[in-house]
Amino acid sequence: MVKPIKKTTPNIIKVKIDKIVYQGSGIGNFDGIKVFVPYSAPDDLIQAKVTQKKKNYWLAEIKKILEPSSLRTIPPCIYFTQCGGCDLQHIKYRFQLELKKEFAIESLQRICHLKLPTSPEIIPAKPFRYRNKTQYPLASNPLRIGFYKQLTHNVIDIDKCLLHPNVFDDVRQMVREQIIKVKEPIYNEIRHFGNLRHIIIRQGMNTDEMLLIFVTRTDNISKKLYESLVNKFSNIVGIIQNINPAKTNRILGNKNKVLFGRDYYFEKLLDKQFKVSGDAFFQVNTYQAENLVKKLREYLGTAEQVLDLYCGVGVLSIMISDLAKKIYGVEISAQAIQDANENIKINQIHNIEYFSAPVEKMINKFQNIDTVILDPPRKGCAESVLLDIIKLKPKKIIYISCNPTTFARDLTLLLKHNYHLEKYELIDMFAQTYHVESIAKIVSDRV
């Protein structure tokens with residue numbers, strides 16, 4: 001429980017920032033107490049205001065930068081520190097990459113007790129304009145369409161975001177004008193009243209196809225809200241209404257209606273084409289997804305039987321289909337598996353079989369698997385899944401992770417069961433944030 005700061009505790013302190021830790025805050029030391037300060041940089045000397053005092057550390061915010069770090073740069077976004085989307089815009093991009101290496105190394109040392117012989121390589125990204133998907137929450141009085149302030153559900157109204165394509169800002173602006181014109185009621189999550197909750201825009205970066213999703217509380221939506229968008233933006237291939245009547249933080253509901261065109265768009269990765277439904281998972285950085293696939297192919301080499309767990313719409317298995325004799329994919333989302341099956345038809349692939357089921361319930365049905373591909377959610381794998389993988393005795397496990405801490409936790413278990421880390425590299429999938437993607441080749445010690 002957070003203790004209120006006593007009057008005898010100094011509210012304003014001077015602190016030197018030693019490093020940035022995973023999740024993006026700087027950390028310094030004040031009279032033996034660790035102090036965490038968002039939006040600071042290594043070697044900053046700052047005047048900070050203590051906002052919370054916990055048992056073993058304090059939380060603070062920058063009041064004044066007394067001596068700026070040489071790693072600092074001027075953030076190009078006017079909403080930086082207001083909007084919770086970016087964590088590291090104040091740090092020069094080349095140093096962001098070094099910080100992400102440190103996050104990965106520190107996680108492996110602290111959690112896994114594993115020291116890498118050399119620093120992992122990291123593939124840099126386009127620093128801006130890389131996201132192929134944006135989700136805008138809405139609020140009213142006054143109308144706001146933008147992003148949540150960090151660690152809150154307060155919507156910050158924005159005109160433009162530097163992480164996604166310019167056209168997303170144009171679409172958002174036109175939707176805003178139509179909301180005002182047709183007086184579409186905006187959802188209030190506290191009172192559970194109103195209608196329009198979120199606007200989601202997705203785009204194929206290599207196909208230019210764009211998909212819009214309006215998330216509403218009820219089945220109602222004014223045609224005038226969206227019909228003019230189709231005339232203005234010729235690359236819109238579909239507009240969907242997703243209905244989410246629940247009082248919940250979950251963005252999407254279970255019911256979809258197609259308002260215009262289709263409920264999917266196409267994207268290309270290297271020489272393959274993919275159908276992506278409105279609610280299906282697809283890497284948000286198309287360009288880095290291509291680099292990830294190239295690394296996966298390099299790590300795989302060739303294989304007899306591959307098990308692709310958490311396979312989504314089949315991207316990874318399709319991209320390696322020429323390197324394996326047989327591939328099985330497992331994914332809990334029925335819609336994603338439907339897309340995956342269509343994707344193997346589109347790409348004329350004949351050696352992949354997909355299953356719609358929880359990984360935990362399906363994994364024991366396989367045998368003679370020599371390679372497992374793991375691309376789990378941010379929370380990583382359940383211990384039971386890892387133990388079931390170990391029972392399969394694959395020669396190789398290729399683990400793709402967007403969270404270095406849960407990867408290190410899962411790797412610890414694998415290392416205890418006669419596996420070793422052979423290769424480990426990073427991919428900056430999410431520039432300007434603390435997030436980092438990794439790919440690891442984990443090999444059996446059994447002869």
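What you are looking at is a predicted structure, and each value in this text was computed from that prediction instead of being measured. The analysis underlying the following values was restricted to heavy atoms, covering all of them including side chains, and did not include hydrogens, waters or symmetry mates.
With salt bridges taken as basic N to acidic carboxylate O contacts below 4.0 Å, one links Glu98 and Lys101. Under 4.0 Å is where a charged nitrogen must lie from a carboxylate oxygen, and between Asp322 and Arg297 at least one such pair does. Look at Lys16 and Asp44 and you find no salt bridge, because none of the NZ, NE, NH1 or NH2 atoms lies under 4.0 Å from a carboxylate O. Ion pairing between Lys396 and Asp370 fails under the 4.0 Å rule for side-chain N and carboxylate O. Under the 4.0 Å criterion applied to side-chain N and carboxylate O atoms, Glu209 and Arg202 are not assigned as salt-bridge partners. One finds no salt bridge joining Glu106 and Lys19 here, because no Lys/Arg side-chain nitrogen approaches an Asp/Glu carboxylate oxygen to under 4.0 Å. Taking the charged nitrogens against the carboxylate oxygens, Arg172 and Asp169 have no contact shorter than 4.0 Å, which rules out a salt bridge.
Ile390 is listed as a side-chain neighbour of Leu414, based on a closest heavy-atom distance under 4.5 Å. Side chains of Ser333 and Ile337 form no contact here, defined as non-hydrogen atoms less than 4.5 Å apart. A 4.5 Å side-chain heavy-atom check between Lys326 and Val306 finds every atom pair outside the cut-off. Here the side chains of Ile13 and Val35 are in contact, with some heavy-atom distance below 4.5 Å. Considering only heavy atoms from C-beta on, Tyr419 comes within 4.5 Å of Pro394 through its side chain. In this structure the side chain of Met205 reaches within 4.5 angstrom of the side chain of Tyr287, judged on heavy atoms. At least one side-chain heavy atom of Pro124 sits under 4.5 Å from a side-chain heavy atom of Tyr93. In this structure, the side chains of Pro137 and Ile145 stay at 4.5 Å or more apart for every pair of heavy atoms.
Going from atom CG of Leu212 over to atom CD1 of Ile200 covers 10.0 Å, rounded to the nearest 0.5 Å. Expressed to the nearest 0.5 Å, how far CG of Asn132 lies from CG of Leu163 amounts to 12.0 Å. Rounded to the nearest 0.5 angstrom, Ser69 OG and Ile17 CD1 are separated by 10.0 Å. Note: Asp339 CG to Glu331 CD = 10.5 Å, rounded to the nearest 0.5 Å. Distance check: Gln288 CD to Glu437 CD gives 9.5 Å after rounding to the nearest 0.5 Å. If you take CD1 on Ile400 and CG on Leu309, they are separated by 11.5 Å, rounding to the nearest 0.5 Å.
The aromatic rings of Trp58 and Phe30 sit tilted, their planes meeting at an angle between 30° and 60°. Ring-plane geometry between His90 and Tyr39 is classed as perpendicular, the angle between the planes exceeding 60 degrees on a 0 to 90 degree scale with a lower cut at 30.
The closest donor-acceptor contact from the side chain of Asn343 to the backbone of Val313 lies under 3.5 Å. With hydrogens and angles ignored, the 3.5 Å screen pairs no side-chain donor or acceptor of Ser40 with any backbone N or O of Ile62. A donor-acceptor distance shorter than 3.5 angstrom exists from the side chain of Thr412 to the backbone of Ala408, with no hydrogens or angles considered. The main-chain N or O of Ile91 is never found under 3.5 Å from a side-chain atom of Thr73 such that the two would form a donor-acceptor pair. The closest donor-acceptor contact from the side chain of Asp87 to the backbone of Gly24 lies at 3.5 Å or more, if one exists at all. In this structure, the side chain of Lys100 engages the main chain of Thr433 through a donor-acceptor pair within 3.5 Å. Using modelled atom types, no side-chain atom of Glu61 and backbone atom of Val50 make a donor-acceptor pair closer than 3.5 Å. Within the 3.5 Å criterion, the main-chain N or O of Ala324 finds a donor-acceptor partner in the side chain of Asn351. Of the possible polar contacts, one joining the Gln82 side chain to the Ile78 backbone as a donor-acceptor pair under 3.5 Å is found. For the pair Asn244 (side chain) and Arg250 (backbone), a donor-acceptor distance under 3.5 Å is present.
When all heavy atoms of Ile111 and Thr405 are compared, the closest pair comes out as CD1-O, 3.6 Å.
Within a 6.0 Å sphere centred on CD of Glu360, heavy atoms belonging to other residues, nucleotides or ligands number more than 12. In Lys92, the NZ atom is crowded: over 12 heavy atoms of neighbouring residues, nucleotides or ligands sit closer than 6.0 Å. The number of heavy-atom neighbours closer than 6.0 Å to NZ of Lys257, taken from other residues, nucleotides and ligands shown, is above 12. Counting non-hydrogen atoms of other residues, nucleotides and ligands closer than 6.0 Å to NZ of Lys272 gives a total above 12. With a 6.0 Å radius and a threshold of 12 heavy atoms from other residues, nucleotides or ligands, Lys63 has its NZ atom at or below the threshold. Within 6.0 Å of CD on Glu121 lie no more than 12 heavy atoms contributed by other residues, nucleotides or ligands. Around NZ of Lys126, the count of heavy atoms belonging to other residues, nucleotides or ligands within 6.0 Å exceeds 12.
Side-chain contact annotation: Asn206 with Glu290, donor-acceptor N/O pair under 3.5 Å present. In this model, a donor atom of one side chain and an acceptor atom of the other lie less than 3.5 Å apart for Gln305 and Tyr328. No hydrogens or angles considered: a donor-acceptor pair under 3.5 Å links the side chains of Arg129 and Asn166. Using a 3.5 Å distance cut-off with no hydrogens or angles, the side chains of Gln335 and Ser277 do pair a donor with an acceptor. In the model, Asp208 has a side-chain atom that pairs as donor or acceptor with a side-chain atom of Gln203 under 3.5 Å. Between the side chains of Gln241 and Thr216, a donor-acceptor pair is found at a separation under 3.5 Å.
Annotation: Tyr424 is not in aromatic contact with Tyr299 [ring centroid separation under 6.0 Å not met]. Checked against a 6.0 Å centroid threshold, the rings of Phe266 and Phe274 do not count as neighbours. Centroid-to-centroid, the aromatic rings of Tyr57 and Phe36 come within less than 6.0 Å.
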Open item on the list: Does Glu102 form a side chain to side chain contact (heavy atoms under 4.5 Å, CB included) with Ile105? I'd like the steps, not just the answer.
Closed with: CA-CA 5 Å; Glu102 289 177 17; Ile105 292 167; 5.7 Å; no
TODO: Assess whether side chain to side chain contact (heavy atoms under 4.5 Å, CB included) is satisfied between Thr371 and Leu307, documenting all intermediate values.
DONE: CA-CA 6 Å; Thr371 303; Leu307 181 57; over 6 Å; no
Open item on the list: If you apply the rule side chain to side chain contact (heavy atoms under 4.5 Å, CB included), what do you find for Ile20 with Phe103, and how did you get there?
Closed with: CA-CA 9 Å; Ile20 303 293; Phe103 297 158; 3.9 Å; yes
Open item on the list: Go through it in stages, so that I can follow the logic: the residues are Val284 and Phe282, the test is side chain to side chain contact (heavy atoms under 4.5 Å, CB included), and I'd like the CA-CA distance, side-chain angles, deciding distance and then a yes or no.
Closed with: CA-CA 6 Å; Val284 299; Phe282 197 87; over 6 Å; no
Task: Candidate pair Tyr354 and Ser317, rule side chain to side chain donor-acceptor pair (under 3.5 Å), full reasoning - done: CA-CA 10 Å; Tyr354 290 114; Ser317 46; 2.7 Å; yes
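A cation-pi contact, defined as under 6.0 Å to the ring centre and within 45° of the axis, is absent between Arg217 and Tyr187. Under the 6.0 Å distance and 45° angle rule, Lys275 counts as a cation-pi partner of Tyr264.
Paired with Val37 under the rule side-chain contact (heavy atoms from CB on, under 4.5 Å), one option of Ile27, Ile46, Thr51 passes, and it is Ile46.
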